[in-house]
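Taking it in order: structure first as structure tokens, then the write-up.
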Amino acid sequence: MSYVDEVYDLVVAKNPAQPEFHQAVKEVLESLRVVIEANEEAYRKDALLERLCTPERQILFRVPWVDDKGQVQVNNGFRVQFNSAIGPYKGGLRLHPSVNLGIIKFLGFEQIFKNSLTGLPIGGGKGGSDFDPKGKSDREVMAFCQSFITELYKYIGADTDVPAGDIGTGAREIGYMYGQYKRLTGLYEGVLTGKGLTYGGSLARTEATGYGLLYLTEEMLKCNGRDIKGMTVAVSGSGNVAIYAAQKAQQLGAKVVTVSDSTGWVYDPEGIDVALLKEVKEVKRARLTEYAAARSSAQYHEKKNGEHGVWNVKCDVALPCATQNELDLEDAKALAANGCIAVAEGANMPTTLEATEYLQKNGVLFCPGKAANAGGVATSALEMSQNSERLSWTFEEVDSKLKGIMVNIFHNLDEAAKKYGMAGNYVAGANIAGFLKVAEAMTAQGIV
Ligand code: NDP
Ligand code: 2IT
């Protein structure tokens, strides 16, 4: 049996009931097959793939907090420090009821390659909790965040592990966590990114993932002889990534006609009103029904079981920006049948393996999340640089660095795909380019 297949079987056997983690590993290992087979003996002797697929450290902890009724609640807390070969662990904290160890491991594994692709010195990690911030008061969110950090602070630090936002973790949560970290340690240091601008945050970090997604998509289209200007774009999600993806798409001259949340989706043929969307989602923390109520051109659709409405809308470019496995084979078929020419993942692993394969085989340009959404973590690394030098850069400076990074990522993965005989397969290109740097650093650092 080939080394790649052996390690995949081992990962499944050793990590039962973690389907998302298996899926992320499978995609990466399949892409690496050609690279590994060219050097199989050395990689096998060093157990490089086993080490790559096993987190350096996993921290699981209890998060007790008191709700507004005086009732004690208990959540599970996680931090998976996956790989520090090229820098301190770096990756977000997800707060969502669906969070479990397998979800955090898939996200941490993806983060290794994503962070490598940015070209910046950051290792891979991820964390979070099954706490649901939805419907909680600010005081309850603060109580949770303080309890979460009271355990996690022992394991993080500006030079060891630097968490950030993800689903359910935005500026409010990062603020509460930062305050508690500072109180416990006495350190005013860049231990978290996505901080507010008054206490060490970076301009353009809020916009970075969505903007970066569009910078990369624009470059991918350009290199394939197309222009995003005038195109119709379908976006899913209506959180941090989706909002700023929609905003940048419009700035580049495209028309964004959809957004969604976990309960429904909006089709707005006149183009999404981003200012209204921000008011509904960022200020009021409300549902999309409020967006639709305030905008006559918008049609609201309740989400029905097993149906992901937005991908049935005719579009040129699809940007899944909500969550994992939200775009399945049926959706991929609908997109291709409706003439969609490109899919770029704003979310982490939103496209199933079958859907990805279908899109690639049917001539749809496909850029995986670990490349397309790397602008968020890249800008987090720029926030770390600013914290280290105790200076703040202008919006334009950060934004232009972000754009340079995204364009560079696209060319690196495009070239890696070509070099290994898989021109146009950006999944393979991203996995190979991300892997090679990490593998070289791991090998140089000996068996650790
Ligand atoms: P937010 O919490 O800001 O927004 C998440 C959005 O996705 C909301 O509209 C939410 O709807 C929807 N959503 C979440 N879970 C589900 C679900 N199970 N089913 C349907 N809809 C869902 O998160 P972000 O925008 O930050 O993150 C979105 C994606 O982008 C995630 O995959 C994240 O890992 C990834 N990402 C985020 C980065 C960042 O910098 N923030 C960087 C790179 C990737 P509702 O409000 O109803 O729950
Ligand atoms: O998935 C991701 O890359 C993020 N949630 C951002 C991580 C970060 O450290 O900014």
Side-chain angles (χ1 to χ4, degrees), residues 20 87-99 103-104 106-115 117-118 120 122-128 132-135 161-174 190-195 201-202 204-213 235-246 259-266 277-278 280-282 285-289 291 303 308-310 319-327 345-351 368-384:
E20 293 85 2
Y89 309 106
K90 182 83 198 85
L93 296 170
R94 179 173 292 190
L95 301 183
H96 193 273
S98 63
V99 164
I103 298 273
I104 299 299
F106 115 65
L107 290 163
F109 185 72
E110 289 283 290
Q111 202 83 41
I112 302 170
F113 307 95
K114 182 194 305 194
N115 293 4
L117 284 169
T118 66
L120 300 166
I122 39 178
K126 199 85 186 190
D132 186 358
K134 243 183 252 144
D161 183 355
V162 183
D166 194 80
I167 290 178
T169 306
R172 175 182 60 171
E173 290 74 19
I174 293 292
V191 64
L192 292 158
T193 59
K195 298 185 292 297
S202 174
R205 175 62 188 89
T206 304
E207 295 84 353
T209 311
Y211 278 23
L213 173 66
V235 169
S236 68
S238 50
N240 174 263
V241 180
I243 289 172
Y244 293 95
V259 283
S260 66
D261 63 21
S262 52
T263 48
W265 59 284
V266 160
L277 182 65
K278 285 170 82 167
V280 170
K281 285 291 170 184
E282 293 185 339
R285 297 181 187 275
R287 313 308 305 163
L288 283 173
T289 40
Y291 173 94
K303 188 175 167 185
H308 321 146
V310 295
L319 304 175
C321 296
T323 194
Q324 64 274 357
N325 292 328
E326 54 160 310
L327 196 165
E345 295 184 323
N348 285 308
M349 208 171 75
T351 315
K370 60 172 74 70
N373 71 37
V377 76
T379 307
S380 278
L382 300 179
E383 183 173 329
M384 290 165 73

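In what follows, residues are counted from 1 in the order of the sequence shown. Just follow the structure's listing: the first ligand is 1, and inside any ligand the first atom is 1. Predicted model, so just to flag it, every value in this text is computed and none were measured.
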- Message: If I take atom CD from residue Glu326 and atom SG from residue Cys321, how far apart are they, to the nearest 0.5 angstrom?
- Response: 7.5 Å
- Does an N or O anywhere in Gln324 fall below 3.5 Å from an N or O of ligand 1? no
- Note on the structure: One should read off an interatomic distance between Asp132 CG and Leu95 CG, to the nearest 0.5 angstrom, of 9.0 Å
- Which of the atoms of ligand 2 are close to Ala164, meaning less than 4.0 Å from one of its heavy atoms? 8 (C), 9 (O), 10 (O)
- Message: Just to check, does Gln111 reach to within less than 4.0 Å of ligand 2 when the distance is taken from its heavy atoms?
- Response: yes
- Message: I want to confirm something. Looking only at heavy atoms, which of Gly165, Ala322, Ala347 is nearest to atom 28 (C) of ligand 1?
- Response: Ala322
- Query: Does any N or O atom in Gly376 lie less than 3.5 angstrom from one in ligand 1, N or O only?
  - Reply: no
- Query: Quick one: CD on Glu20 to OG on Ser98, what's the gap to the nearest 0.5 Å?
  - Reply: 8.5 Å
- Query: For ligand 2, which atoms have a heavy atom of Lys126 less than 4.0 angstrom away?
  - Reply: 1 (O), 2 (C), 4 (C), 5 (N)
- Backbone N or O of Gly237 within a donor-acceptor pair of the Ser260 side chain at under 3.5 Å? yes
- Task: State whether the shortest distance between N or O atoms of Lys126 and N or O atoms of ligand 1 falls below 3.5 angstrom.
- Result: no
- Does ligand 1 have a heavy atom under 4.0 Å from the side chain of Cys321, from its backbone, from both, or from neither? backbone
- Task: Go through the side-chain N and O atoms of Asn115 and Lys370 and say whether any donor and acceptor fall under 3.5 Å apart.
- Result: no
- Going from NZ on Lys195 to OG on Ser202, what distance comes out if it is rounded to the nearest 0.5 angstrom? 9.0 Å
- Message: For atom 2 (C) of ligand 2, what's the nearest protein heavy-atom neighbour? Residue, atom name and distance, please.
- Response: Lys114 NZ, 3.2 Å
- Sidechain N-carboxylate O distance under 4.0 Å for Lys281, Asp261: yes
- Can you figure out which of Gly346, Ser262, Gly369 has its heavy atom closest to atom 45 (P) of ligand 1? Ser262
- Item | Polar contact flag for Val162 and ligand 2 (N/O pairs, less than 3.5 Å) | no
- CH2/Trp265 to NZ/Lys303 distance, rounded to the nearest 0.5 angstrom? 12.0 Å
- Note on the structure: The answer for which part of Leu107 has a heavy atom under 4.0 Å from ligand 2 is neither
- Message: Could you identify the single nearest non-hydrogen protein atom to atom 24 (P) of ligand 1 and state the distance to 0.1 Å?
- Response: Val241 CG2, 3.9 Å
- Query: Where is the nearest protein heavy atom to atom 7 (C) of ligand 2: which residue, which atom, and how far?
  - Reply: Gly92 N, 3.5 Å
- Query: About how many Å separate NZ of Lys126 and CZ of Phe109, when rounded to the nearest 0.5 Å?
  - Reply: 14.5 Å
- Quick one: do Asp161 and Lys90 make a salt bridge, cutoff under 4.0 Å? no
- Of Arg94, Lys90, Arg205, which has the heavy atom at the shortest distance from atom 6 (C) of ligand 2? Arg205
- Task: Using a strict 4.0 Å threshold on nitrogen-to-oxygen distance, state whether Glu383 and Arg205 make a salt bridge.
- Result: no
- Message: Test your reading of the structure: does Ser238 have an N or O sitting under 3.5 Å from an N or O of ligand 1?
- Response: yes
- Query: Can an N or O of Arg94 be found at a distance shorter than 3.5 Å from an N or O of ligand 1?
  - Reply: yes
- For the pair Glu173 (side chain) and Gly170 (backbone), establish whether a donor and an acceptor sit closer than 3.5 Å, ignoring hydrogens and angles. yes
- Which ligand 2 atoms are under 4.0 Å away from a heavy-atom of Gly165? 4 (C), 5 (N), 6 (C)
- Please confirm whether Asn348 comes within less than 3.5 Å of ligand 1 when only nitrogen or oxygen atoms on both sides are compared. yes
- Can you find a protein heavy atom closer to atom 17 (C) of ligand 1 than 4.0 Å? yes
- Message: Residue-level breakdown please: for His96 versus ligand 1, do any non-hydrogen atoms fall below 4.0 Å on the side chain, on the backbone, on both, or on neither?
- Response: side chain
- Message: When you compare ligand 1 with Gly168, is there at least one nitrogen or oxygen pair between them that comes in under 3.5 angstrom?
- Response: yes
- Item | Backbone or side-chain N or O of Arg205 under 3.5 Å from ligand 1 N or O | yes
- Task: Looking only at protein heavy atoms, identify the closest one to atom 10 (O) of ligand 2 and say how far it is in Å.
- Result: Ser380 OG, 2.5 Å
- Will you find, in the side chains of Arg94 and Thr169, an N or O donor that is under 3.5 Å from an N or O acceptor? no
- Could you check atom 4 (O) of ligand 1 against the protein and tell me its nearest heavy-atom contact, residue, atom and distance included? Gly239 CA, 3.2 Å
- Query: Purely on distance, is any nitrogen or oxygen of Lys281 under 3.5 Å from one on ligand 1?
  - Reply: no
- So, the side chain of Glu345 versus the backbone of Thr351: is there a donor-acceptor pair under 3.5 Å, distance only? yes
